[in-house]
Every structure is written in C-alpha cells, then in structure tokens.
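Encoded as structure tokens, the structure appears first; notes follow it.
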Amino acid sequence: MDSVEKSQIIAPLRYACHFFTSIRLALVVILIIVILSLVSIFLIQTPQGITYGTADYQAWLEIVIRPDFGIWTDTLGFFGLFDVFRSPFFLGAGILLILNILCCSIRRWGAVKTALKGISISTTARGFENAPVILHTKSSLSNSVLSVTNVLLRHKYRTRTSESDGMVFFTADKYAFSRLGTIVSHLSLILLVVGFLLGSFLGFQDDAFILTKGTMREVGHDTGLALGLVDFNADYWPDGTPREYRSDVIVYENGQQVETAAVLVNHPLSYNGIRFYQSFFGPAAEMQVQTTEGVEVTNSTIALVGIMNAEPFQRPLGKLELPSTGLTAYLVAPAVNMYDPILQNEQLGIEIYEDGASVPVEWAILDIGVPQQMQGLEFTYVEPSSFSGFSIKYDPGSWLVWVAFGLLFTGISMVLYLPYRNIQAMVEPGEQGSSLCLRASGRRGFDVNAELERLANEIVSITDGQADIIKRGENADG
Amino acid sequence: MANWAQGLFTMALVIDGIAAVIWLISIFSKRWQRYALGAMPVSFVLLTISIIFRSVVTGHGPFSNMYEFSIAFAWGVLIIGWLFWWRKRVTLVAGIATALSLGVLIFAATLSSREIPLVPALQQSALLTLHVTAAVIAYGAFGVSFGMAIAYLFRQRKHTSRWPAAEVLDRIGYQAVIIGFPFLTLTIILGAIWADISWGRYWGWDPKETASFVTWLLYAGYLHARLLGGWRGKKLAVLLIVGFCAVLFTFFGNYIFQGLHTYQ
C-alpha cells in the first residue's frame, strides 16, 4: 500500500477519532439530551405499554393527542416527543454520548498511565523563565535542593530529580491515582447502560399483580412461581391517609410452598432473584352468585381496580365473571373520599351485561347480606374486602447498576476532591547563593497559585528567611 | 416543642433579613460588614435548633414536605456560604448566601408548617435523611456558585475595588460546584436505591428524577467545559446561572408536574 493510499485510509480514521473524542461533541450531545428530557417533563408521555413506532402508539396519538395538538400531532409524534426516552433521537444521542465517553477514555488512558508511572522530568530551563514563582536564596545549591525536597516530601509529593548543566530539575506529583477517577467515572456510565439493557431485555416487571384475600396467581414468565395472599391489613393516620399496609403472602414454586413472608412498602420480598413489592391496594367485594335453584355460579372476591369516572365522582369498578351464563357483571363501589349521592357506604352498584353488549340489561344496588335476583341469578354482596397490588420484578442487570453507581461516585470524588497535582521546579546557582523557580503543568483542577505560594512560603521559612520571593505571577488555573 | 420550632424559625428568618439589609448597606460602608458577619451565624444557629426541634416533634428529619425541605435548603445555603467565608475570607460570599437563604426562608414562611404524617413510601428514615441531606448540601453549594456567577458578571461590567477580583469570584463558583456535584450525584444514587426498595424500580423517568438528571448533566457540562473545553469567564458564569435555574426547577418541581415525588 503506498503512502497516498495509506493517507486516504488514515485521514478519515483520524477525523473520526477526533470527532468522537471531541469535547464539543460531548457538550452538544449533553445539550440535546437536556432539551429532550425537559420536553418529556412538559409534554404528555405515552402510558406504560405503549411504545414509539408501534400501531398502539399511532392509535394513542389519534385518540389522546390529536384533539389537543391538532396538525402538530404528526410532526411531534414522528420525532417521538410523546415517548422521548424511547425515541430514536434520544437513543441516538445516548449512543453518541457513550461512544464519545468510550473514545475519550481510550484516548486518555495513555496520559493516565504516564501519570501513574510518573511524568518524565524536563531537564531544560525553557519555560521556567515564565514561572509564576521565583525565589532567590543565599543558600547553596545543595541546601536549596534539600529544602525543596523536604517541603515537597512533607506535602506528600512523589518527587524525582535530575541534574543537567549544573542545574537541578524536580518533577513532583500528588494524587496520581486520581487520574484513574476520570476513567472509572466515565466507564461507570457505560456499565450503567449495560446494566439497564440487561434488565430490560432479560428481566421482566409486572406492576399490576393483583390478589384478593385467599387467592393465588401464577407469576408467569417461566418462573414456576405463584403468589398467594393470606391476609391484607391497612392502617390509617387520623386524617385518613394510609399509614402502613401489609400483605401476608405465600410463595409457591412448582406447586410447593417455599416461603411465607409479610410484604410492606419499603420491605419487599426476595426469592430467587425475584422481588415482590407492596405497591398499592384498593377495595374489593366478596360476592356470591347462584342460580335460582341454588347452584353456585361463583363465590369470589372481586378486586375493584378500575375507575368509573362520572365527574366529579370517581367510583371503584370491578368485573365479575359469570361463567356459563352468557352474562357479565360490573360492580361499582361508592365514590372515594367524598359523599356519593347514589351509593351509600356498604352498598354496591351492579350492572349486568349480556356477553358482547355495551348496554346493561339490568342494574341494581346491593346491600350487604341481602340477596337480589337479577336475570335469573341470585346475587349476594357478602362483605367488603381489599385487594393488594404488587409489583413483581426480575432484573439480572441491577447488580451491575449498583456497581456502576458506586464507581461513578468514587470516580467523581477522586477527580474533584483529590485533584492531580504536578509541580515542576528548577534550582540553579545564583549570584549569592541559588535561584529557584516553581511552576505547575498539565490540566489543573486545583488552586495552582495557592499551592505554589504555600510551597514557596514554606521553602522561605526553612531557609531561615534567607530567601526572597521576587515574582509571584498568575498561573492560569482550571 | 413544635411552637418552639416555629418560633425559632421565625427568629432565624428575621435575623437573616436584618443580616441581608446590613449586607446591602455594607456595599457602601465596609464597617457594617462585621455586624452582618455576626448576624449570619446567629441566624444559622437558630435555624439549626429549629430543625432539631422539628425533627424531635415529627420523629424524622425535616425533609418530608416542601416547608421542611425549604428550611433545610436555606440551612444548606447558609452553611456552605459560611464555609466559604471561613476558608476564603471573601465577605461577598457570606452576603450572597444570606440573601439567597433569606429568599428561601421567605418562601418557606408562605407554606403551611402543619406536620403531615408520612405516607408509607417515605417511612424509610435512613434513606430519607441521607438522600435529602445530600440534596440540601448540593443545592446549597449550587446556590453559592449561582451567587458568585451573578457577582462575576456584575464585576466584569463594573470595576469596583469594593468587590473581589472577578477571577476570585470565578474560582469560588467553581469550588462550590466541586462540593455540590458529587453530592448531587450521591442524591441521585441514594434516590435510585430508595426508589428500587420502595417503588420496585431504580429509575422511571419520573419528572423529578428527570429534572435532577438534567441538573446533573448541566453541571457535568460545566465541569467538562471548564476543565477540558477551555471555557473561561462569562460563558461559565452563564452556565452556572442556567444550572441553578435547573436546581430551582427541580426544587419547585412538585408544583409544576405530577409524579411519584409529589405524594398527593
């Protein structure tokens, strides 16, 4: 391959490397992510289960968004602004940022390694003429060198010296390990994304796993697990808000009881990597339905998980299946936290529908313990009850997320609280003793001028005041 | 003890207000600064005792509603401002911290101080205390950096010997972010841990979580721009102001958007 061909390959690679390691790219991408995140706060976002780019998403846009946004619906919907965090623009910005982080970390690794090993000593006086701190001392060269060494060591600098042309050069650094903090904190962001993706693709989450007292349900997702609710209790503060609610549960694995526990908010149950969270609760109704001949149709507790919205009244709603009857019933409890003019406490509304119909064939109000005949069946509202709502989660990536968080905090703390310091000094024979120049080099995240001044003052003090600081300029700092 | 807590809060507010007025006067006459410097720690001590009393009464740290968090926020601004005055002896920092904390205390005074019982999700006192304490320190530090940015821009326009050099203000603003940024990171991490225990997911793009993430990104951008991008001066000051606007947006977020953090 000749040099022209080589340059044709190398030039684009070099450009790509420069592009992906550019701080400007990072700042632009951060700005894009900031803007999109703010959009997600102010614009309505799709509910759980509806994802950008699907038919459900389009249907949701038509039903929910178009009445308010009109002609803007298509444009805003196309850019995914109603499902920002799954939109290609947000994901694309995220990928660009990750690539930028990865490339920067790789590029910076060389400098980090050099800092860990120790930067080579510069043995030329060039650059020291503009040093911000210059001292003249009556001490001899060797005594000055000793003073500088002692001061640097006292401040826990890793110090190396070299002689050249009768001058002594110092390179001193401190907290070199904190250079690793940049790599650690940046790579932790990549680990965070990996952990999140692992959980998203290999895990599952069910946020509305509902049980009524005495019932059991399969967890599903090939876990072989089932959860049964033994008892549920809720305590309330005097103002009516929930103080605590707990579910006493049994976990079954392949039909065998394997665990019993109490699940409360902030006290989830863990079994085989699967976590059961006490998420919410609500009213339920224990119902008995039989034919007029006394044959039981159903005897169950119905969770009233839905809401019948008849402004201003919001009434809990549940579905009562009536197998082999061709009918379905809907149960309606009194409005929550307000006076209900139709349903009193301890009453339940019931609407009977023929299967497939949208209009009820009959409705009534049930009192506790009082059977009522409707559509050839006898309905009895036995007693009010509660349902318990769980969130069940399996996340194989969560351990990686916690590790990443720990590394992120550690890396940031290292970089910011223990900033890498690199001081260089030159001592040369002077007219009446020796001269000393101090400067800092490299990127500085610390108060360079204060540090140089502190070191200079200490050198002056241990030379018994025989040194004078003749120049204290400004060292441009970070 | 609840009445004592409320009384001490009111006294702290009044003394903070007096200190802020004295700071204003001291712009024209430096000899008044010592009175302001004397009033500031008095206000801080009164606020601290008020917080302690309130914690004893409620049985948890003063972090469970906007009234309590506002007082804690003001406390955070005062302690960071006092810390910078103590280390740097730049009295302008103390003055700005006093003024900022006064603004937050006035806002707190408009809120109901009634104790609201904790909903079950908030009954995790260790995480509640750690998470919100980290936020208080972060917000306090960012408040100081915001004040320094404003002062920097003013100093650039008006050359006055009464104020420190612009470079000093710029430096203090940066050092405040160095304090605040890791604490903001810790706030988000502790929040994620708590969300995982309480809600079953460590991150859900809840509006408050998203606003905190935006704030974190802005300050991360500031640090990168300063340390790696060669940004200096006015651009950085503007970025600090934008960052603190994000802090305020997150702080007031419960009034702007719904979400799991609103606990309504």
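Throughout, a chain's letter reflects where its sequence line sits, starting with A, and its residues are numbered from 1.
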- prompt: Below 6.0 angstrom between ring centroids: does that apply to A/Phe90 and B/Trp205?
  reply: yes

- line: Interatomic distance, OG1@B/Thr250 vs CD1@A/Ile41, rounded to 0.5 Å, equals 7.5 Å

query: Quick one: what part of A/Ser40 sits under 4.5 Å from any heavy atom of chain B, side chain, backbone, both or neither?
result: side chain

field: chain B contact via A/Asp239 - side chain, backbone, both or neither, heavy atoms under 4.5 Å
entry: side chain

task: Verify, without hydrogens or angle tests, whether A/Gln278 (side chain) and B/Ser198 (backbone) share a donor-acceptor contact under 3.5 angstrom.
output: no

- prompt: Would you say A/Trp399 has more than 12 foreign heavy atoms packed within less than 6.0 Å of its CH2?
  reply: no

task: Quick one: closest heavy-atom pair of B/Arg201 and A/Lys393, and the distance?
output: CA-NZ, 3.8 Å

task: Step through it carefully: locate the ring centre of B/Phe181, locate the ring centre of A/Phe409, and say whether they are under 6.0 Å apart.
output: no

task: Specify the closest pair of heavy atoms between B/Pro182 and A/Tyr417, including all atoms of both residues, with the distance to one decimal.
output: CG-OH, 3.4 Å

Engaged part of B/Glu167 at the chain A interface, taking heavy atoms whose separation is under 4.5 Å: neither

Nearest atoms (heavy-atom pairs only) where A/Trp402 meets B/Ala192: CH2-O, 3.7 Å

- prompt: Pick from B/Thr185, B/Leu186, B/Leu127, B/Val177: which one has the most heavy-atom pairs with chain A under 4.5 Å?
  reply: B/Leu186

message: Could you check whether atom NE2 of A/His221 has more than 12 heavy atoms from other residues, nucleotides or ligands sitting under 6.0 Å from it?
response: yes

Pair B/Trp194-A/Asn266, side chain to side chain contact (heavy atoms under 4.5 Å, CB included): steps then yes or no: CA-CA 8 Å; B/Trp194 190 8; A/Asn266 289 321; 3.6 Å; yes

field: Among A/His267, A/Arg243, A/Glu244, A/Arg24, residue most engaged with chain B (heavy-atom pairs, under 4.5 Å)
entry: A/Arg243

- request: Tell me, for A/Gln45 versus chain B, whether the close heavy atoms (under 4.5 Å) come from the side chain, the backbone, both or neither.
  value: neither

Derivation of the ring-ring contact (aromatic ring centres under 6.0 Å, His included) call for A/Phe42 and B/Phe249: CA-CA 12 Å; A/Phe42 290 107; B/Phe249 180 70; 5.5 Å; yes

Exercise: identify the closest heavy-atom pair between A/Pro242 and B/Pro120: O-CD, 3.3 Å

Step-by-step side chain to side chain contact (heavy atoms under 4.5 Å, CB included) determination, A/Leu416 to B/Leu223: CA-CA 10 Å; A/Leu416 294 182; B/Leu223 289 170; 4.0 Å; yes

query: With only heavy atoms counted, which part of A/Phe405 is less than 4.5 Å from chain B, the side chain, the backbone, both or neither?
result: both

For B/Arg114, all residues meeting side-chain contact (heavy atoms from CB on, under 4.5 Å), sequence neighbours excluded: B/Ser112, B/Ile116

message: Using heavy-atom distances under 4.5 Å, tell me whether A/Val84 contacts chain B through its side chain, its backbone, both, or neither.
response: neither

task: Check whether any side-chain heavy atom of A/Phe85 lies under 4.5 Å from a side-chain heavy atom of B/Thr210, and answer yes or no.
output: yes

query: Are the side chains of B/Trp199 and A/Ser391 in touch, meaning some heavy atoms are under 4.5 Å apart?
result: no

query: Do any of residues 188-200 of chain A come closer than 4.5 Å to chain B, heavy atom to heavy atom, and if so which ones, in number order?
result: A/Leu189, A/Gly195, A/Phe196

- line: So, the part of A/Asp395 with a heavy atom under 4.5 Å from chain B: the answer is side chain

statement: Minimal heavy-atom distance between B/Gly229 and A/Ile23, with the atoms involved, is CA-CG2, 3.9 Å

- prompt: Looking only at heavy atoms, which two atoms of B/Trp216 and A/Ile412 are closest? And how far apart?
  reply: CZ2-CD1, 4.1 Å

- request: Please determine, among A/Thr241, A/Leu264, A/Leu38, the option with the most heavy-atom pairs under 4.5 Å with chain B.
  value: A/Leu38

query: Is a salt bridge present between B/Asp196 and A/Arg275, judged by a nitrogen-to-oxygen distance below 4.0 Å?
result: yes

- prompt: Is there side-chain contact between B/Trp203 and A/Val401, with heavy atoms separated by less than 4.5 Å?
  reply: no

query: Above 12 or not: heavy atoms from other molecules or residues under 6.0 Å from CZ of A/Arg454?
result: yes

task: Side-chain contact test, heavy atoms from C-beta onward, threshold under 4.5 Å: evaluate it for B/Phe213 versus A/Ile33 and give yes or no.
output: yes

- request: Report the option among A/Leu408, A/Val265, A/Asp235 that has the most heavy-atom pairs separated by less than 4.5 Å from atoms of chain B.
  value: A/Val265

